[in-house]
Colleague: 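One structure, as structure tokens, below. Some questions next.
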Amino acid sequence: MEKRFETEVLHGEKKEQRSIASKVTPIYQTSAFTFKDLDELEGFYQGNGQYLYSRVGNPNTDELGEAAARLEGAPDGVAASSGLSAILAGVLAVVKSGDHIIAADDLYGGSFHMLKEELMDFGIETSFVSFSNLDNVEKAITDRTKLLFTESITNPLLRVENIEAVVKLAKKHSLLTLVDNTFATPYHCRPYAAGVDLVVHSATKYFGGHSDVTSGVIVGTEELIGRARSKIVNLGANVSPFEAWLTCRGIKTLALRMKAQTENSRKLAVALKENEHIEKVFYPFDEDQSGYGAMVTVELSKAADINQFFRSLGWIKIAPTLAGVETTVSHPLTTSHRALPAEACEALGITKGVVRVSVGIEHADDIIAQFEKAIQQSLS
Ligand SMILES: *Cc1c(COP(=O)(O)O)cnc(C)c1O
């Protein structure tokens, strides 16, 4: 049948994916999928692997969830619109109104706020305790406690969690565990293999790696991820196909980037340790001193003018994020920990002179030289 122009603009021949062997997964930038008849539609509900509606599932978002599961060594994974929505889905998969969570008191600021303000309003209570001493955690357990929530490496002082001990304590009391593995990435640490139930990532950070995407992932058993997936679908926390596609592209170079960034951060940490104007260097070295992660935090000496330091960093910019290929710095006291009372910051050791460095893939000597120059200039 001949079509009018208004119809012709819409209904051309579609390039079917089946017949085109694209080297890279195409971006399925579509809100829904079509069906040729009711049998095919019924097939979707019977689980034939077809897609219906992108909030419910999309090849690009599935590819991201599956990649995360593969890298973490977990049976299943699902992608979300951000790290925080992955955390929300993980928490809501295991707790409901009336339940109690015990979370580390040095949790990422956004997670802290979600638990303390938003989830509290829905009757989910959280106690924040120092996980440095697990006796604190054990003492905080009540008969309503369901979940222990911590991070493999914390922000900004880079405390490395004793994941085996946390898992052991959780199992002793029949609790579930949720670990945010954003800073370490599965290149350095695989909490699922150590017995953690749910592992989350802000894929905005190292998975994406280029500071051009906001996304998140959560991995675990099929049962728990099934529950997390239904939270993501029903709360509308799905990631867009394009952001999922960008994140999948980033993941392909995760090993190369982590290797280079870890090597650079180790060199920077060693150089700054030797600098007499640096009060303290926070950096988790491995047993073989090869480094564990690509974040370095330093405390400048009291004599340094902190603002002058930031102004003297040249191509190293202040950015309220981390994990990109470019080296960036942040000032925790006035950004990530801004909402925390002064005494709490003091207690955690987050002073005015604390600078967090997200080490990039530039030449290590250039990074070190730029820091040494800025330290020098902050003193004059
Ligand atoms: C950035 C970050 C988050 C939040 O991720 P978004 O993608 O910004 O929602 C959670 N945990 C850690 C450790 C982070 O660094």
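Values below: all heavy atoms of this structure, side chains included; hydrogens, waters and symmetry mates excluded. Remember, it's 1-based here, ligands and their atoms both numbered in the order they're listed.
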Colleague: Nearest protein heavy atom to atom 2 (C) of ligand 1, by residue and atom, and its distance?
Modeller: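 Heavy-atom neighbour on the protein nearest atom 2 (C) of ligand 1: K205 NZ, 2.5 Å.
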Colleague: Heavy atom of D180 under 4.0 Å from ligand 1?
Modeller: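 It does, in that a heavy atom of D180 comes within the 4.0 Å cut-off of ligand 1.
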Colleague: Hey, are D105 and S130 close enough side-chain-wise for a donor-acceptor pair under 3.5 Å?
Modeller: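 S130 vs D105: no donor-acceptor pair found between side chains.
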Colleague: Give me the residue, atom name and distance of the protein heavy atom closest to atom 9 (O) of ligand 1.
Modeller: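 Result: L84 N, 2.9 Å.
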Colleague: Would S215 and T247 count as having a side-chain donor-acceptor pair, cut-off 3.5 Å?
Modeller: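 On atom types as modelled, these side chains qualify, holding a pair under 3.5 Å.
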Colleague: Ignoring hydrogens and angles, tell me if any N or O in the side chain of N181 forms a donor-acceptor pair with the backbone of C189 under 3.5 Å.
Modeller: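 Yes; judged by distance alone, with no hydrogens or angles, the pair exists.
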Colleague: I'd like to know whether the aromatic ring centres of F33 and F35 sit less than 6.0 Å apart in this structure.
Modeller: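 For F33 and F35, the ring centres are not under 6.0 Å apart.
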Colleague: Regarding ligand 1, does L322 bring an N or O atom to under 3.5 Å of one of the ligand's N or O atoms?
Modeller: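 No, L322 has no N/O under 3.5 Å of an N/O on ligand 1.
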Colleague: Answer yes or no on whether K273 is positioned over the face of F285, meaning its NZ or CZ is under 6.0 Å from the six-membered ring centre and within 45° of the axis.
Modeller: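 No, cation not above the ring by the 6.0 Å, 45° rule.
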Colleague: Which heavy atom of the protein is the closest neighbour of atom 5 (O) of ligand 1, given with residue, atom name and distance?
Modeller: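 Its nearest protein heavy-atom neighbour is S202 OG, 2.9 Å.
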Colleague: Taking distance alone, with no angle check, do T204 and ligand 1 share an N/O pair under 3.5 Å?
Modeller: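 Right, the criterion is met.
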Colleague: For atom 4 (C) of ligand 1, what is the nearest protein heavy atom, given as residue, atom name and distance?
Modeller: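 Here the nearest protein heavy atom works out to Y108 CE2, 3.4 Å.
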Colleague: Pairing donors with acceptors under 3.5 angstrom, does anything connect the side chains of T327 and E362?
Modeller: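 The answer is yes; a qualifying pair exists.
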